[in-house]
Each structure stands twice: as C-alpha cells, then as structure tokens.
J.: 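One structure is given below, represented as structure tokens, and several questions about it will come after.
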Amino acid sequence: MAAPLTLVLVLAVTIRAVLFRSSLAELISERVEVVSPLNAWKRVVEGLALLDLGVSPYSGDVFHETPLIIYLFHFVVDYAEIVFMIADGITAVCLYLAVQNYNKNVFRKQKYALEADRYPHDCLELMRSPREMHYIPLKVAMFYLLNPFTILSCVAKSTCGLNNAVIALFILSTLKGSALLSAIFLALATYQSIYPLTLFAPALLFLLQRLYIPVNLCRSSFWFFTLQYAFMFVGSLVVIVCLSFFLLGSWDFIPSVYGFILSVPDLTPNIGLFWYFFAEMFEHFRFFFICVFQINIFFYTIPLSIKLKEHPVFLIFMQIAIISIFKSYPTVGDIALYMAFLPAWSHLYRFLRNIFLVSCVLLACSALFPVLWHLWIYAGSANSNFYYAITLLFNVGQILLVSDYFYAYLRREHHLSQGLYLRRKDGSEATLVLK
Amino acid sequence: MIFLKSSISTRWFWAPSAAPSSAAVSLPDSCEEELLIRPLHSGDIYASFQFRTLWDTDFLHQGKKVSHYRLFPKSLGQVLSKFSVRELHISFTQGYWRTMQWGQPIVPSPPGAELWVWFHNTVADVDGNWKELTNVLSGIFCASLNFIDSTNTVQPSASFKPLGLGNATDHRFLRYATLPREIVCTENLTPWKKLLPCGSKAGLAVLMKSEKLFHSSFHSQAVHIRPVCKDWQCSSTAWELRQTLNVVFDLYTSGQGKKEWSLFKMFSRTLTEACPLASSSKVYVDVTDNPEGELFDLSPATSVLNTAVVLGDRRTYSVYDLTQKETFGQLRSLNLVLRWKGESDMLRPLLHAERYVAGFGLQTGEIHTLIYNNHPYRAFPVLLLDSVPWYLRLYIHTLTVTSKTRENKPSYIHYQPSKDRLRPHLLEMLVQLPPHSVTEVTVQFERALLKWTEYTPDPNHGFYVGSSVISALVPSVVAMDTNNTQERPLFSSFFPTKEESSYFVRVYTEPLLVNLPTPDFSMPYNVICLTCTVVAVGYGSFYNLLTRTFQVEEPSQPLAKRLANVIRRIRGVPLL
C-alpha cells in the first residue's frame with residue numbers, strides 16, 4: 001500500500017507547487033473563506049515584521065498566533081511553502097496509518113463477534129469484508145490531500161494546516177495506544193486553539209477501551225488511568241505555555257490569543273456563524289450570547305461520550321466536526337479535516353437519508369461564497385445579508401451531514417443487535433423511528 | 001525694528017501708576033494685533049489675523065491663585081491652572097490648504113479640529129487630565145471635542161516638540177488628537193472672538209463677520225498658548241496667548257471674477273480704529289512681488305515699508321499702523337484696495353505633500369503619501385506622522401518608501417500598533433528626501449467590519465482618517481533671524497527659529513475618506529433569530545439522536561377507532 005500512497009502524495013505536492021507558482025496564490029491568500037484573523041499568513045509575516053521593529057507582536061491587534069509559531073517561522077519563513085506542504089503530507093500519512101490501524105481493529109472485533117455468534121442471522125450483509133476495507137486508508141489520504149478545501153488552505157499558507165497536522169498526529173498516537181504521546185499532541189493542539197480540549201474525552205475512552213478498563217465511575221482503575229492521562233495532558237500544556245512565556249518574556253500572548261478566540265472582538269466575515277451575529281448584537285446581550293455560543297461547542301462532549309462510549313473513533317470524528325462548524329473563526333481547512341474521515345464510514349451509505357441534498361447544498365454554497373462576496377465587497381450591488389445567508393445555509397448543510405452520519409451509525413449498530421429485517425407484531429415489514 | 005522701543009514705552013505709559021510692590025499683579029500684560037494680507041499667485045487673497053496677549057504670571061505656581069484677569073481670558077487661564085497645561089494648541093479648520101497654488105501658510109493646520117497639549121511634568125494622571133480638558137474646551141469653543149477619546153489620541157515621540165520654552169522631552173506628557181470630521185461654523189467663531197481683549201467691537205476684530213469669513217475657500221481659527229521669554233534678556237517666562245485666524249478668499253466665488261480685492265469686498269467692513277487695549281495694531285500687505293507696482297496697485301499708498309524673513313524668504317510689507325490717526329485719512333476709515341494689473345508666475349513651495357487611498361472594493365486598500373522636495377540641490381530629512389484609526393488595520397510589513405523609483409529606507413521608525421476600540425495606529429518616520437524628487441510612502445491596510453452600533457448615522461459617507469503631519473527643517477535661501485526675543489511682526493515669529501540656515505515648516509496632507517463594509521442595520525432581530533435557528537437545528541438533531549432510541553413503529557390507530565376502544569374497555573367488551 002505504500003506505493004499508491006506515495007503516488008497520491010506526489011500528485012498532491014505537484015498540484016500545490018503548481019498553484020504556489022501561479023498568480024492564484026495571491027488571490028487565494030486574501031479570501032476570507034480560506035483564512036481568518038487567527039491563521040492568516042499575512043498576519044504571521046506582520047507579527048515577524050513587528051518583532052523586527054522591536055515592538056511586541058501582541059501589543060497590537062493584528063497578530064493572534066501562539067509564540068511557538070513565532071519560534072517556528074522565525075527560522076523557516078523563507079521555506080514556508082515547503083513547511084505547509086510537509087504539514088499536509090504529515091496529516092495525510094497519519095490519517096492513513098490511523099485509519100489502517102482502526103480498520104484492523106474493527107475487522108478483528110467483527111471476526112470475534114461472528115465467531116461468538118453475537119450478530120443476528122440476517123445481518124450478514126452488514127458485515128464488512130477485507131476487500132472493501134482494503135482501500136479505505138488510501139481513500140482517506142486522498143480525500144484529505146486532493147480535497148479542494150485542503151489545497152486552497154495550503155496554497156494560502158494558512159496555519160490551519162499546521163493545526164490539522166497536530167490533530168492528525170494526536171489521532172495516530174491515540175490509536176496506536178501511546179498515552180503520553182497522545183497527551184502531548186493533544187496539549188499542543190489545545191495550546192494552538194482551545195477547542196481540541198473536547199477531544200480529551202474520546203481519547204480517554206479509546207485508551208481505556210484498549211487497556212480493557214471498564215468505564216465505570218465506581219472503579220478505582222478508571223479513575224487511576226483518567227488521572228494519569230489528565231496529569232500528562234495538563235503537565236504538557238503547562239510546559240508549553242511556560243516555554244511561550246520565555247520567548248517574549250511576557251504573558252501578553254494569553255489575552256491576545258485565547259482572549260481573542262473566546263471573546264470574538266474581530267468581526268471579519270468568514271464561513272462561521274459568529275461574525276454577523278455579533279455584528280448585529282445588542283450591546284446589552286453581547287456577553288450572554290458569547291458565553292452561549294462558546295459553551296455550545298463544549299457541551300456536546302459529555303452526552304456524546306455517554307452515547308458513543310463503545311465507539312470512541314466515531315466520537316473523535318463527531319467532535320472534530322462540531323468544533324469545525326461551531327468554532328469562532330472557522331475556515332475551509334477545518335472542514336477538510338473531518339471530511340477526510342468520510343471514506344472510513346462508507347459502509348454506512350445505505351442508511352444515510354439526506355446525502356444527496358446535503359452534498360448539493362455544500363457544493364452550491366461553496367460555489368456561491370466567492371460570488372456573493374464579490375457582489376457585496378467589490379460590485380456593491382448586494383449587501384452583507386446575501387453572504388450571511390449562504391453562511392447559514394452552508395452551516396445547516398454541514399450540520400445535516402454530520403447528524404446524518406450519526407444517524408446512520410446508530411442505526412447500523414441497532415441493526416447489528418436487533419437484526420436487519422425487522423417485522424412488526426403482525427408480521428408485516430417494520431419501519432424504524434426514533435422515539 | 002522701529003516699533004521695538006515704542007511698544008516698550010507704551011507699556012510703561014499705559015500702566016496704572018501702581019506702587020512697585022503691587023506691580024506684579026496688574027501691570028505686565030499686553031496685547032498686540034496684526035493683520036497680514038498676502039495676494040496669492042492664483043488671484044486669491046490670503047488674510048491672516050494674529051492677536052497676541054503676553055502676560056507675566058504664573059498659572060502653575062501652586063500656592064498663589066490667579067484671580068485678577070485683565071487682557072488674558074479667564075476661561076483659558078483657569079483651564080491652564082486646573083489641568084497643569086504647559087502648552088495648548090487647538091485649531092479649527094474648514095477647507096484644505098492648497099500648498100501648490102497658495103504657498104506655505106503662516107500657521108499650518110489640518111482640516112477639521114486638531115488639539116495637541118503638553119502637560120506639566122508634575123501631572124500624575126495625564127489621560128484623566130486630557131479627557132477633562134477636551135470636555136472643557138468643547139464647552140469653551142462650542143465644538144464637539146468630546147469625541148476625542150483614546151481611539152483617536154496618540155503620543156507622538158518626535159513630531160510635536162514644545163514650541164515655547166521648556167526642555168521637556170518626555171513624550172508621555174504630550175497628547176495629540178484630530179477630528180477630521182469636525183465642521184467649523186459661526187458657533188465656533190463667536191466664542192473665539194469673545195476671548196479677544198477688545199472682543200469684536202474695536203480693532204481688527206471688527207472685520208470678522210461670519211457671513212463673509214465662511215464664504216471662503218479656507219478658514220482656520222486657532223488658539224496657541226505657550227510660555228515664552230518675557231523680554232529679550234529672557235530673565236523670566238511669561239504666558240503667550242496667540243489667537244490666529246487665517247482665511248483665503250476665492251477670486252471666483254466672491255466677486256465677478258475681477259481681480260480686485262478690498263477690505264470691504266473681503267469682510268464687508270472697513271477699519272475705523274485700533275483696539276484701545278492693544279499696544280500695537282498693524283496691517284501688513286505683502287508687496288514683495290510688486291516692487292515697481294507692475295503687478296498690482298495698492299491704495300491708500302503708504303511709504304512705511306517693513307522687511308521680514310518669513311519661511312526662508314525675505315519679504316517686503318507695506319505697513320499701516322492703526323494706532324496712528326493719519327492711517328485712517330479723511331474718511332476716518334481704512335479700506336485697502338488692491339487692483340491687479342499683470343499676471344504673475346507660479347511659485348514652487350519647497351516642501352509639499354499629498355495623500356490618497358488606492359485600491360478598489362471594501363476589503364483592502366493602500367494609503368499613498370507623496371512628499372515633494374522641490375529644492376534644486378539640497379536634501380533634507382522630514383518627520384512623517386501618521387495616525388490611522390484602528391478599523392483600518394495597517395500591515396507594517398507592506399510599508400515601502402521609494403524616492404526616484406529607488407528604495408529609501410527611513411532612518412527612524414516608531415510604530416505603535418493599534419488596539420481594537422482602544423487606540424489608533426501611530427507611525428512616525430524620519431525620511432531623507434533627495435533633492436528635486438518625489439518620495440512615495442505606501443502602506444496596505446484591511447478594512448474591518450464594525451459592530452452595527454459603531455457606525456455613524458450616515459455610514460455610506462465613509463470614515464475620516466486624520467491628516468498626516470510632515471514636520472521639517474527646510475533649508476532657507478535667506479539667513480533666518482535666531483534672536484527670538486526681538487520685536488518682529490507676529491506672523492514671522494510663530495515657530496521659533498533655532499538655526500540661521502533653516503526654518504521650521506509643518507505641512508498637513510488631506511484627510512482621507514474611506515468606506516467600510518456595512519452590515520444591514522435593519523436586521524438585528526432577524527439575524528439573532530436566524531442564527532439561533534441554525535444552532536437549534538444542530539442542537540435538535542443531536543438531541544434527538546442522543547436521547548431517543550430506535551423502535552419498531554406500530555402504526556397508530558385512527559382517532560375514531562381509539563375512541564371506540566376506550567368505550568369498549570369501559571363496557572368490558574373485546575377491543576377492535
């Protein structure tokens with residue numbers, strides 16, 4: 001399998017190199033759907049220029065990256081394109097290896113369950129075969145590398161690519177079972193943008209499952225491991241934060257980075273829900289709604305963990321999707337990360353209800369974003385409501401996509417335990433509803 | 001100068017015969033007034049009034065409270081002592097000074113309102129004093145200076161050194177703000193006139209009638225307060241209050257296009273007497289370009305000529321002394337008339353600047369500042385001060401300075417980035433201008449989307465960006481007089497000259513008008529509802545999937561059958 005992966009990598013690098021050298025690179029790095037005030041390359045260069053002028057990059061309101069990014073790009077700013085291509089490559093390879101590992105586990109569990117005769121007899125067509133699962137890792141890597149969203153994000157040199165790489169490394173280390181590495185990468189991802197904190201729960205569940213520790217709040221082994229993992233995570237986070245303090249010698253970066261992510265002062269339009277909402281918010285309610293919207297991201301973690309405690313990898317997918325949709329400054333690079341997982345759930349296709357509608361909505365909105373932006377900002381014949389409407393539609397499309405996959409997953413699990421062809425009491429064919 | 005001795009002697013003449021012990025209280029204040037009329041090359045005429053009051057007192061002395069005000073206005077005196085102000089400069093300007101057509105102004109000022117203040121170095125809370133000071137001045141001048149807050153105040157480090165005595169260099173005590181949107185009208189002129197010792201009843205101030213003054217291309221009124229040397233020995237300091245009013249009358253809007261100017265045509269009044277409280281009251285007419293009388297005719301003619309070195313140029317003036325009865329002639333009124341005869345050639349000011357916004361669309365833009373050095377062989381450095389509001393996010397890595405298509409690196413850059421909704425950008429640069437060249441300074445910016453309450457009621461008018469300030473020491477053709485304490489016409493002594501070979505010039509560029517993207521102001525409730533609906537769609541889908549389980553659906557019976565079943569159950573009969 002290494003050869004097709006290498007081929008895909010080479011193809012991806014070629015496409016990116018061609019786009020880097022063309023005049024489209026300038027255009028793409030200005031697009032608000034691809035870059036946000038948090039991860040624009042222009043702002044990284046501005047921060048470095050401010051540092052050269054002797055002014056702290058955090059004294060103004062232009063630079064909102066973490067100090068480690070300053071550390072990194074201080075040395076490699078001339079090779080930035082290569083850095084971002086390598087980041088994309090790392091993400092693809094990590095996702096490839098992670099999904100390969102996951103598929104092996106899934107197949108192994110399915111084999112044991114079949115031998116133990118745990119599935120009802122009519123579910124055999126729901127069983128996954130090695131042939132079908134053979135190409136999934138390659139498809140995942142391809143979905144990530146050749147996704148137009150990823151290519152745009154890489155050509156724009158948005159640091160979202162670096163964030164995705166760290167999250168992919170975290171997923172790989174979790175799936176390989178290494179708690180320490182997983183804690184370190186999770187701490188790095190949380191340090192970059194606060195939201196990956198919600199991935200703590202699925203990682204914990206996966207590692208507990210792997211070590212055969214039952215998730216039971218009364219048992220000491222559960223708490224022991226949880227505390228161990230939490231300690232490793234918090235410790236790495238503290239170390240990284242202190243390292244950042246020593247770079248510039250001040251804590252200015254905390255309000256500039258984390259205060260900025262949480263309080264959303266910059267209302268630059270993007271594909272998310274926050275900007276227009278807070279541009280039109282009554283001042284009196286602003287704080288209340290900021291809290292509501294930020295809590296919205298974190299509060300699906302516990303219910304989802306309870307429901308999906310046997311399926312932590314799907315939980316990781318759900319969490320990444322929720323973060324990408326509801327975060328304060330989303331970009332298409334964040335979307336590309338969870339979309340890369342979709343081939344791993346290709347066996348759910350028969351249970352998806354709205355997939356045609358959702359994909360049409362997403363495609364149409366992606367095409368309409370630049371059109372309506374141009375009409376608002378350059379032509380002056382539309383106004384902000386047009387762009388806002390497409391933002392709403394795009395987010396509704398994403399929500400429907402994610403909830404559709406969730407529905408399909410739960411339904412397949414239900415069928416695996418109850419049987420595929422269900423009959424009503426009187427023998428006629430049954431329909432399943434959620435009650 | 002011939003008026004040196006007479007002004008000193010008139011002061012002694014006019015002083016009330018008080019005993020020497022109480023001489024310090026009421027004696028040492030004097031005022032002078034002067035009007036400079038300069039015909040411009042484009043046919044317009046520039047009139048500059050200056051009123052100066054000198055008062056030897058100590059506002060900042062803690063123990064003694066000054067209570068007896070004679071010529072110095074009490075409102076300003078109280079402002080100085082309450083806020084420990086060392087220097088105060090405030091100007092209100094309508095219109096833009098066209099340097100290429102009109103030359104350099106005597107007292108430069110940017111369009112709108114400009115206020116810069118040096119506080120005394122004993123002040124503990126400069127920002128608090130600044131805020132109260134702007135509100136008090138807002139009341140005194142009937143202007144909306146209360147819009148000055150931290151989002152448009154900066155502390156320039158090099159461009160605004162004190163113009164009076166004092167050696168303070170700590171720019172923490174300096175505050176500078178402009179309001180380019182401020183409109184100047186009669187309501188601002190009236191309180192300004194009230195500050196004059198004679199008011200608008202006698203002296204040169206009778207000419208200030210608002211219906212003519214505001215019917216002009218350029219109108220600027222200013223108040224400058226600073227400590228200066230009391231006399232030429234500089235044994236002690238006195239407070240100097242200068243009120244200046246500069247106005248440029250347009251040839252075409254006020255007249256039939258005939259190139260003829262008179263005091264009556266400009267101001268609809270003539271001069272009848274000098275201000276009795278003034279020790280000197282003069283009218284100067286610039287006749288440098290008219291030595292043989294070939295350019296224009298000046299009547300009534302006068303033989304009193306005065307030369308002064310102003311802005312690096314030796315100029316000749318016809319002087320009319322209003323304290324002398326003969327000036328007014330038989331009719332007891334002075335109406336100066338200038339009749340143009342010939343065409344004059346264009347002048348080339350040595351330093352002038354332009355600024356504009358480039359780019360299209362509402363997302364990004366570029367500010368271009370062009371600085372022209374028209375000296376044929378001398379290069380000199382200029383200090384450029386740019387204060388850009390926070391909602392235009394400057395990217396300093398895109399700053400380029402080019403002269404004659406080659407890169408020109410500034411030797412000193414002081415940049416303070418903006419903080420959203422707190423303070424503006426401050427960019428100060430020292431740029432060396434090569435001789436006979438144009439230097440272009442470009443910087444890119446991004447336009448921010450503001451909250452809907454932060455827009456003005458007319459958001460599509462645009463947002464103003466204050467003028468850039470270019471301060472320079474321009475090499476002078478003529479040797480400048482560095483003896484600041486000698487008696488000179490007021491208009492030549494505004495900026496103190498420290499060296500002979502150069503004079504200080506401050507050039508202001510145009511303010512910019514920039515459009516920002518606007519949200520739809522009618523939509524707050526709709527937006528809140530729609531966005532919350534989308535979040536609720538997400539919440540609802542997840543809630544459904546999390547709290548409900550799959551069940552086989554039993555079709556529910558129609559209502560009639562259900563009711564029938566209820567009745568059957570009561571009767572005890574088998575159900576349908």
Side-chain angles (χ1 to χ4, degrees), chain A residues 30 32 42 45-46 48-50 53 55 59-62 265-269 273 275-283 289 293 296 300 303-304 306-307 322 325-326 376-378 380 383-385 388 392 395-396 399-400 403 406-407 410-411 414 418 422-425 430-435, chain B residues 360-364 390 393-399 413-422 425 444 446-453 515 517-521 523-528 530-535 537-555:
Chain A
E30 295 272 317
V32 288
K42 199 171 182 191
V45 176
E46 177 70 9
L48 293 173
L50 282 175
L53 270 179
V55 177
S59 59
D61 246 334
V62 165
D266 187 332
L267 299 170
T268 313
L273 297 164
W275 63 280
Y276 206 53
F277 189 71
F278 290 104
E280 299 271 13
M281 175 53 61
F282 300 104
E283 272 310 303
F289 278 104
F293 272 52
N296 185 46
Y300 291 113
L304 277 175
I306 295 173
K307 186 84 178 184
I322 288 172
I325 298 171
F326 292 116
W376 174 27
I377 298 288
Y378 295 102
N383 66 9
S384 48
N385 291 336
Y388 167 66
L392 285 181
N395 282 304
V396 165
I399 291 171
L400 287 179
S403 60
F406 193 24
Y407 171 88
L410 291 176
R411 183 150 169 188
H414 182 262
Q418 307 289 337
L422 299 166
R423 303 252 163 244
R424 263 186 255 153
K425 287 197 202 112
T431 47
L432 266 186
V433 289
L434 279 172
K435 273 219 211 293
Chain B
F360 61 96
L362 295 175
Q363 190 178 1
T364 52
W390 65 268
R393 301 203 164 97
L394 288 186
Y395 283 97
I396 210 69
H397 70 273
T398 56
L399 176 72
I413 299 185
H414 169 63
Y415 177 61
Q416 193 188 49
S418 68
K419 268 247 176 263
D420 271 10
R421 301 181 180 91
L422 274 184
H425 297 274
Q444 283 180 11
E446 211 176 67
R447 303 175 206 223
L449 185 73
L450 307 177
K451 299 184 201 166
W452 69 301
T453 47
N515 265 329
T518 56
D520 188 346
F521 298 100
M523 290 276 284
Y525 185 67
N526 302 354
V527 167
I528 296 174
L530 288 169
T531 310
C532 289
T533 304
V534 171
V535 175
V537 163
Y539 175 81
S541 319
F542 290 134
Y543 178 82
N544 264 347
L545 291 165
L546 287 169
T547 53
R548 297 180 188 202
T549 51
F550 288 100
Q551 285 168 23
V552 174
E553 186 198 13
E554 298 295 331

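Here the structure is a predicted model, which means the values were calculated and not measured. All chains are named by letter (A, B, ...) in the order of the sequence lines, taking the proteins before the strands, and each is independently numbered beginning at 1.
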J.: With chain A as the partner, which of B/Val527, B/Leu449, B/Thr533 has the greatest number of non-hydrogen pairs under 4.5 Å?
T.: B/Val527

J.: Give the member of B/Leu545, B/Val537, B/Asn526, B/Val534 that has the highest number of heavy-atom pairs under 4.5 Å with chain A.
T.: B/Leu545

J.: Are any side-chain N or O atoms of B/Asp520 and backbone N or O atoms of A/Asn385, one a donor and one an acceptor, separated by less than 3.5 Å?
T.: no

J.: What class does the angle between the rings of A/Tyr300 and B/Phe542 fall in, given that below 30° is parallel, 30 to 60° is tilted and above 60° is perpendicular?
T.: perpendicular

J.: Out of A/Ile325, A/Asp61, A/Asn395, A/Asn296, return the one with the most heavy atom pairs under 4.5 angstrom to chain B.
T.: A/Asp61

J.: Can you tell me which portion of A/Val45 sits under 4.5 Å from chain B's heavy atoms? Options are side chain, backbone, both or neither.
T.: both

J.: Name the member of A/Leu50, A/Leu392, A/Val396 that forms the most heavy-atom pairs with chain B at distances under 4.5 Å.
T.: A/Leu392

J.: Highest number of heavy-atom pairs under 4.5 Å with chain A: which of B/Ile528, B/Asn515, B/Thr547, B/Val535?
T.: B/Ile528

J.: Any idea which heavy atoms bring A/Pro265 and B/Arg421 closest together, and the distance?
T.: O-NH1, 3.2 Å

J.: Between the side chains of B/Thr531 and A/Tyr388, does any donor sit under 3.5 Å from an acceptor?
T.: yes

J.: Report yes if the distance between the aromatic ring centroids of B/Trp452 and A/Phe282 is under 6.0 Å, otherwise no.
T.: yes

J.: Side chain, backbone, both or neither: which part of A/Trp275 has a non-hydrogen atom closer than 4.5 Å to chain B?
T.: side chain

J.: What is the minimum heavy-atom distance between A/Ser59 and B/Pro417, and which atoms define it?
T.: OG-CG, 3.4 Å

J.: Could you state the interatomic distance from OG1 (B/Thr518) to CG (A/Asn383), rounded to the nearest 0.5 Å?
T.: 7.5 Å

J.: By a 4.5 Å heavy-atom criterion (distance strictly below it), what part of A/Phe278 contacts chain B: side chain, backbone, both, or neither?
T.: backbone

J.: If you look at every heavy atom in B/His397 and A/Ala49, which pair is closest and at what distance?
T.: CB-CB, 3.5 Å

J.: So for A/Glu30, is it side chain, backbone, both, or neither that comes closer than 4.5 Å to the heavy atoms of chain B?
T.: both

J.: Looking only at heavy atoms, which two atoms of B/Ile396 and A/Leu53 are closest? And how far apart?
T.: CG2-CD1, 4.0 Å

J.: Side chain, backbone, both or neither: which part of A/Ile377 has a heavy atom under 4.5 Å from chain B?
T.: both

J.: Indicate the atoms forming the closest heavy-atom contact of A/Tyr378 with B/Gly361, along with that distance.
T.: CD2-CA, 3.4 Å

J.: Using the salt bridge (Lys or Arg N to Asp or Glu O under 4.0 Å) rule, pick out the option among B/Arg393, B/Lys451, B/Lys419 that qualifies with A/Asp266.
T.: B/Arg393

J.: Tell me, for A/Leu304 versus chain B, whether the close heavy atoms (under 4.5 Å) come from the side chain, the backbone, both or neither.
T.: both

J.: Look at B/Phe521, B/Phe360, B/Tyr543 and state which one has the largest set of heavy-atom pairs under 4.5 Å with chain A.
T.: B/Phe360

J.: At their closest point, which heavy atom of B/Leu450 faces which heavy atom of A/Ala279, and how far apart are they?
T.: O-CB, 4.2 Å

J.: Check each atom of B/Ser418 against the heavy atoms of chain A and say whether the ones under 4.5 Å are side chain, backbone, both or neither.
T.: backbone

